[in-house]
Visitor: 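Submitted below is the structure of interest, expressed as structure tokens.
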Amino acid sequence: MADSRYWLMKSEPAEASIDDLAAAPAQTLPWTGVRNYQARNFMRDQMQPGDGVLFYHSSCPEPGVAGLACIAGSVQADTTQWDSKSPYHDPKSPPDAPRWLQIDVRLLCKTRLLSLAEMRTSPALAEMTVLRKGNRLSITPVQTAEWQAILALLGVDAKALDRNAATYGTPKSRIGKTRSGGSV
DNA sequence: GCCAACGTTGGC
DNA sequence: GCCAACGTTGGC
């Protein structure tokens with residue numbers, strides 16, 4: 001199966017909300033604090049600059065998709081793992097072989113909140129990984145059709161968004177290459 | 001606050 | 001390598 005070009009990334013808004021992303025320099029934040037190997041491996045092995053991101057608010061009164069973003073850089077060592085003051089401090093992570101990774105995420109647009117409850121009512125989203133019972137992964141792949149269905153629910157123009165994503169963070173080597181699922 | 005689901009740890 | 005105990009996630 002081809003790697004996903006779309007992702008859902010969970011963030012607790014009390015820690016990093018869509019508004020925090022909008023207020024950040026270049027509307028970009030390093031995605032730190034991932035401490036799950038499966039989620040880390042998605043970053044390490046599959047994520048590429050320009051990939052679409054559903055910015056999801058979790059562990060809050062209104063969980064759901066709060067905005068759209070894109071991967072805006074390449075993966076690197078998560079700086080919080082060696083920070084003894086960080087809640088994500090991992091003293092067992094060897095400095096010469098970092099256990100945990102981070103990647104830059106840039107805002108594309110804030111949207112209305114597409115609530116988890118509304119997502120569950122959409123037949124097009126019935127198979128979404130994040131909706132599966134017991135799912136706890138903070139990063140999950142999103143199918144192209146699911147991405148498109150969510151943009152439709154949010155009333156976001158996919159073509160305009162794609163141009164925006166291509167403007168930022170897409171290395172020259174990828175420009176002109178066919179992305180999985182083609183142009184949306 | 002409850003609890004289901006799942007990942008990690010550590011004894012053996 | 002098994003697996004019970006424990007910790008965490010995250011919706012409700």
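In what follows, chains carry the letters A, B, and so on, assigned in the order in which the sequence lines appear, proteins first and then strands, with residues in each chain numbered from 1. Since this is a predicted model, take the numbers as computed values, not measurements.
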Visitor: Which label fits A:Phe55 and A:Trp31: parallel for a plane angle under 30°, tilted from 30 to 60°, or perpendicular past 60°?
Guide: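 Rings of A:Phe55 and A:Trp31: perpendicular, over 60°.
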
Visitor: My understanding is that only one of A:Val53, A:Leu54, A:Val142 makes a side chain to side chain contact (heavy atoms under 4.5 Å, CB included) with A:Met9; could you say which?
Guide: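 The residue from A:Val53, A:Leu54, A:Val142 that satisfies side chain to side chain contact (heavy atoms under 4.5 Å, CB included) with A:Met9 turns out to be A:Val53.
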
Visitor: Mind listing the residues from residues 130-139 of chain A sitting with a heavy atom below 4.0 Å of DNA chain B? Number order is fine.
Guide: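 The stretch gives A:Lys133, A:Gly134, A:Arg136 as the residues lying under 4.0 Å from the strand, ordered by number.
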
Visitor: Are any side-chain N or O atoms of A:Arg106 and backbone N or O atoms of A:Ile71, one a donor and one an acceptor, separated by less than 3.5 Å?
Guide: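 Absent.
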
Visitor: Does the A:Ser11 side chain pair with the main chain of A:His57, one donor and one acceptor, at a distance under 3.5 Å?
Guide: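 Not a single qualifying donor-acceptor pair exists.
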
Visitor: Shortest non-hydrogen contact from A:Arg5 to A:Asp51?
Guide: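 Distance-wise, the nearest heavy atoms are NE-OD1, 2.6 Å.
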
Visitor: Reading DNA chain B in the 5' to 3' direction, which nucleotide is the first one with an atom under 4.0 Å from a heavy atom of chain A, and which is the last?
Guide: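 First-to-last contact on DNA chain B, by the 4.0 Å heavy-atom rule, is B:dA4 to B:dT8.
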
Visitor: Each residue besides A:Tyr37 in its hydrophobic cluster should be listed here, by chain and number; the cluster joins Ile, Leu, Val, Met, Phe, Trp and Tyr at side-chain heavy-atom distances under 4.5 Å.
Guide: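 Cluster partners of A:Tyr37: A:Trp100.
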
Visitor: Return yes if some donor-acceptor pair links the side-chain N/O of A:Glu146 with the main-chain N/O of A:Ala124 below 3.5 Å, else return no.
Guide: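 No: the side chain of A:Glu146 does not pair with the backbone of A:Ala124.
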
